[in-house]
Amino acid sequence: MAEKTPLYETHLKYGGKIVEFGGWLLPVQYGGIIAEHRAVREKAGLFDVSHMGEVTVKGPDALAYLQKVVTNDVAKMSDNQVQYSPMCYPDGGTVDDLLIYRYGPEDYLLVINAANIAKDWDWLRDNGAGFDVKLANLSAETAQLALQGPAAQAIMAKLTGAPVGKLGYYWFLPAAEVAGRRVMISRTGYTGEDGFELYCRPEDAAYLWETVMEAGTPLGLAPAGLGCRDTLRFEACMPLYGHELSPEISPVEAGLTRFVRPEKGDFNGRPVLAAQLEAGPLRKIAGFALTERGVARAEYPVLADGRRIGTVTTGSYAPTLDKNLGMALVEAAYAKPGTGIAVEIRGKAVAAEIIPRPFYKREGK
C-alpha cells in the first residue's frame with residue numbers, strides 16, 4: 001500500500017489531485033501544471049517533499065566512509081555546506097544521486113530519493129564495514145517543505161528572524177525558528193529557481209504549510225505538485241533518477257562530470273568513471289528540440305542515419321520556453337549541438353535537433 005506524508009490531508013484540503021509516485025500518495029497538481037509552473041518561475045510555489053529520505057552518518061570515519069560511497073569530493077565541504085553527489089556501484093552505474101549536508105567533520109546528513117530509500121539504506125550499510133561510523137535512517141521522522149521561486153526569500157523573511165537573506169546557495173542553517181517551529185533551512189531546490197527547503201518534525205509540517213501559504217499568498221505563492229516539479233527540473237536539465245541516471249547510466253554519461261572527482265582517491269566506480277572521463281563516454285545525455293509537431297516521451301527511440309542511436313529519457317512541453325524539448329541518452333557521436341536527429345513518436349519519425357543544456361537558467365546563474 002502506498003504511503004502518505006504528514007501533509008496528505010492538507011493536500012486534499014487544497015484540492016490536490018492525488019497520484020501514486022514512488023510508493024507515495026502525493027498531489028500531481030492543484031490548479032493546473034502550467035499555472036503552477038509559471039507561479040514558481042514568476043512568484044513562488046510550495047511543494048511537499050516529505051517523501052524524500054534522510055540518513056545521518058556520524059563517527060570518526062564519517063568523512064572517509066563518504067569519500068568511498070559517493071563520487072564527489074566531500075573533503076572540500078565546510079560546516080553548514082550542502083553538496084550534490086552521485087553514488088555509484090563498482091561498475092560505474094548509479095545507485096542514487098543525493099544531497100550531503102555537513103554539520104561537522106564527523107556529522108553528516110544524506111538526503112536521498114524517496115523511491116530509493118530501502119535500496120540506498122541497504123547499500124549504505126553494506127559499505128560501512130571497516131569504518132567507525134554510525135548510520136541512522138531518519139526518513140520516517142523527518143518532513144520537508146520546498147519553497148521555490150523569486151519571491152521565496154521575501155516570504156521567508158515574513159516568517160523567521162533567521163538570516164535567510166545572507167544564506168548562500170547550497171548552504172544551510174542547522175537550527176532556526178520559522179513561525180515558532182524549529183526547523184533546518186537550506187537554500188537548495190530542484191526547480192532551477194531560488195528557494196529554500198525546510199526540514200521539520202512530521203507533526204509540524206501541516207502547521208508550517210498553512211503558515212507559509214498564509215504569508216506567501218499575497219506575494220503570489222501557490223501550492224505546487226509533482227507535475228510542475230518535473231517540468232521545472234526538466235527545463236533546468238536537473239537529472240531525475242530512473243530517467244537520466246540509473247544503474248545502467250553513469251554520472252559521466254549523464255553529463256555530471258564536475259561531480260565525479262577521481263583525484264580524491266579510491267571510491268566505488270572510480271576505475272570505470274575515470275576511464276570514461278579520460279576517453280569520453282560512448283553514450284551521453286543530450287538535449288534536443290523537436291522541429292516538427294509532436295511531444296517526445298521517455299523510452300521513445302531516437303533515430304539517425306537510418307537506425308536507432310538512443311532513447312529519450314525525459315520529454316515534455318517546456319512552458320517557460322514554449323517549445324517541445326527532450327533529453328535522450330544517445331551515442332556520443334550524435335550528442336553535439338546542431339546535429340539533426342529524429343524521435344520515433346507513435347511509429348513516425350519526427351525531426352529534432354540537438355541543442356545545448358540547460359534549456360533554462362535563471363538570471364544571475
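Just so it is clear, the structure is predicted and the values come from calculations on it, not from any experiment. These values consider heavy atoms only, across backbone and side chains, with no hydrogens, waters or symmetry-generated copies.
- With a 4.5 Å cut-off on side-chain heavy atoms, Ile249 and Thr94 do not count as touching.
- Legend: residues meeting side-chain contact (heavy atoms from CB on, under 4.5 Å) with Tyr30, ordered by chain and number and at least two apart, are His11, Tyr14, Pro27, Glu36, Trp209, Pro223.
- Between atom CD of residue Glu331 and atom CG of residue Leu282 there is a gap of 9.0 Å, rounded to the nearest 0.5 Å.
- Although no hydrogens or angles enter the test, the distance criterion places a donor-acceptor pair under 3.5 Å between the side chain of Asn72 and the main chain of Tyr84.
- Contact annotation: the side chain of Val312 never approaches that of Arg297 to less than 4.5 Å [non-hydrogen atoms, C-beta and beyond].
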From CA spacing to verdict: side-chain contact (heavy atoms from CB on, under 4.5 Å), Trp171, Val82: CA-CA 5 Å; Trp171 291 82; Val82 187; 5.7 Å; no
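- Hydrophobic clustering, with ILVMFWY side chains joined whenever heavy atoms are under 4.5 angstrom apart, groups Trp121 together with Val57.
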Would you mind writing out the side-chain donor-acceptor pairs for residues 321-330 within the sub-3.5 Å range, not counting sequence neighbours?
from	atom 1	to	atom 2	distance (Å)
Asp322	OD1	Tyr317	OH	2.6
Asn324	ND2	Gly294	O	3.0

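- Across all non-hydrogen atoms, the minimal contact from Ala44 to Ile155 is CB-CD1, 3.8 Å.
- A heavy-atom distance below 4.5 Å is found between the side chains of Phe196 and Val164.
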Test side-chain contact (heavy atoms from CB on, under 4.5 Å) applied to Ile112 and Met52, step by step: CA-CA 6 Å; Ile112 57 182; Met52 300 293 283; over 6 Å; no
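- Qualifying ring pair (Phe, Tyr, Trp, His ring centres under 6.0 Å) partners for Tyr170, counting only residues two or more places apart in sequence or in other chains: none.
- Each of Val70 and Val260 belongs to its own hydrophobic cluster when Ile, Leu, Val, Met, Phe, Trp and Tyr are linked at side-chain heavy-atom distances under 4.5 angstrom.
- Because its NZ or CZ atom is not both nearer than 6.0 Å to the ring centre of Tyr334 and within 45° of the ring axis, Lys336 does not count as a cation-pi partner of that residue.
- Closest heavy-atom contact between Gly225 and Phe47: O-CE2, 3.6 Å.
- Heavy atoms of other residues, nucleotides or ligands lying less than 6.0 angstrom from CZ of Arg293 number 12 at most.
- Taking Pro301 as the reference, Leu303, Arg308, Glu344 meet the side-chain contact (heavy atoms from CB on, under 4.5 Å) condition, with sequence neighbours excluded.
- Phe21 has its side chain out of reach of Val28: every pair of non-hydrogen atoms, C-beta onward, lies at least 4.5 Å apart.
- Of all heavy-atom pairs between Val212 and Leu221, the closest is O-CD2, 3.4 Å.
- Judged purely by atom type and a 3.5 angstrom limit, Thr211 uses its side chain to pair as donor or acceptor with the backbone of Tyr207.
- More than 12 heavy atoms of other shown residues, nucleotides or ligands fall within 6.0 angstrom of atom CD in Glu20.
- In this structure, the separation between OG on Ser139 and CG on Leu110 is 10.0 Å, given to the nearest 0.5 Å.
- The list of side chain to side chain donor-acceptor pair (under 3.5 Å) pairs with a residue in residues 223-238, not counting sequence neighbours, reads His37-Thr231, His37-Glu235, Arg41-Glu235, Asp230-Arg233, Arg233-Glu244, Arg233-Thr314, Glu235-Thr320.
- Residues satisfying the side chain to side chain donor-acceptor pair (under 3.5 Å) criterion with Tyr8, sequence neighbours excluded, are absent altogether.
- Evaluation of the salt bridge (Lys or Arg N to Asp or Glu O under 4.0 Å) test over residues 116-127, restricted to residues two or more places apart or in two chains, returns Asp122-Arg125.
- Of the possible polar contacts, none joining the Ser246 side chain to the Gly242 backbone as a donor-acceptor pair under 3.5 Å is found.
- Within 6.0 Å of NZ in Lys158 there are more than 12 heavy atoms belonging to other residues, nucleotides or ligands.
- With Tyr190 contributing its side chain and Ala146 its backbone, the two residues share no donor-acceptor pair below 3.5 Å.
- Aromatic ring centres of Tyr360 and Phe234: separated by at least 6.0 Å.
- Without hydrogens or angle criteria, His51 side chain to Trp24 main chain gives no donor-acceptor distance under 3.5 Å.
- Pro251 places a side-chain heavy atom less than 4.5 Å from the side chain of Leu273.
- Applying the ring pair (Phe, Tyr, Trp, His ring centres under 6.0 Å) test to Tyr101 and every residue at least two apart in sequence or in another chain returns Phe172, Tyr199.
- A donor-acceptor pair under 3.5 Å links the side-chain atoms of Ser85 to the main chain of Thr71, judged by distance alone.
- Between Ser78 atom OG and Gln83 atom CD the span is 10.5 Å, to the nearest 0.5 Å.
- Taken to the nearest 0.5 Å, the CG atom of Leu145 stands 5.5 Å off from the CG atom of Leu7.
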Evaluation steps, side chain to side chain donor-acceptor pair (under 3.5 Å), between Gln276 and Ser250: CA-CA 9 Å; Gln276 289 182 350; Ser250 80; 2.7 Å; yes
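- Salt-bridge formation is detected for the pair Arg187/Asp194: a Lys NZ or Arg NE/NH1/NH2 atom is positioned less than 4.0 Å from an Asp or Glu carboxylate oxygen.
- Within the 4.5 Å cutoff, no side-chain heavy atoms of Tyr108 are placed close to those of Val55.
- A donor-acceptor contact closer than 3.5 angstrom is absent between the side chains of Asp266 and Gln67.
- Residues Met156 and Leu147 are in side-chain contact: their nearest non-hydrogen atoms beyond the backbone lie under 4.5 Å apart.
- Side-chain atoms of Arg270 come within 3.5 Å of backbone N or O of Gly265 as a donor-acceptor pair.
- Screening residues 89-109 for salt bridge (Lys or Arg N to Asp or Glu O under 4.0 Å) gives Asp79-Arg102 as the qualifying pairs, with residues at least two apart or on separate chains.
- Across all their heavy atoms, Arg261 and Arg258 have their closest contact at CD-O, 3.5 Å.
- Here salt bridge (Lys or Arg N to Asp or Glu O under 4.0 Å) pairs that include residues 276-286, with residues two or more places apart or in two chains, are Glu253-Arg283.
- When atom types are taken as modelled, the side chain of Asp73 and the backbone of Ala75 share a donor-acceptor pair closer than 3.5 angstrom.
- Using a 4.5 Å heavy-atom threshold, the side chains of Met77 and Ile100 count as touching.
- Among residues two or more places apart in sequence or in another chain, the ring pair (Phe, Tyr, Trp, His ring centres under 6.0 Å) test is passed with Tyr65 by Phe131.
- The line from CD of Glu353 to CD1 of Ile341 is 9.0 Å long, rounded to the nearest 0.5 Å.
- Around CD of Glu299, the count of heavy atoms belonging to other residues, nucleotides or ligands within 6.0 Å does not exceed 12.
- Contact between Cys88 and Val95 at its shortest, heavy atoms only, is C-CG2, 3.6 Å.
- Applying the salt bridge (Lys or Arg N to Asp or Glu O under 4.0 Å) test to pairs two or more places apart or on separate chains, none has a residue in residues 45-72.
- Looking at Thr160, its side chain does come within 3.5 Å of a backbone N or O of Glu177 through a donor-acceptor pair.
- The CG atom of Leu226 sits 12.0 Å away from the NZ atom of Lys17 when rounded to the nearest 0.5 Å.
- Residues Arg181 and Leu208 share a closest heavy-atom pair of CB-CD2, 4.0 Å.
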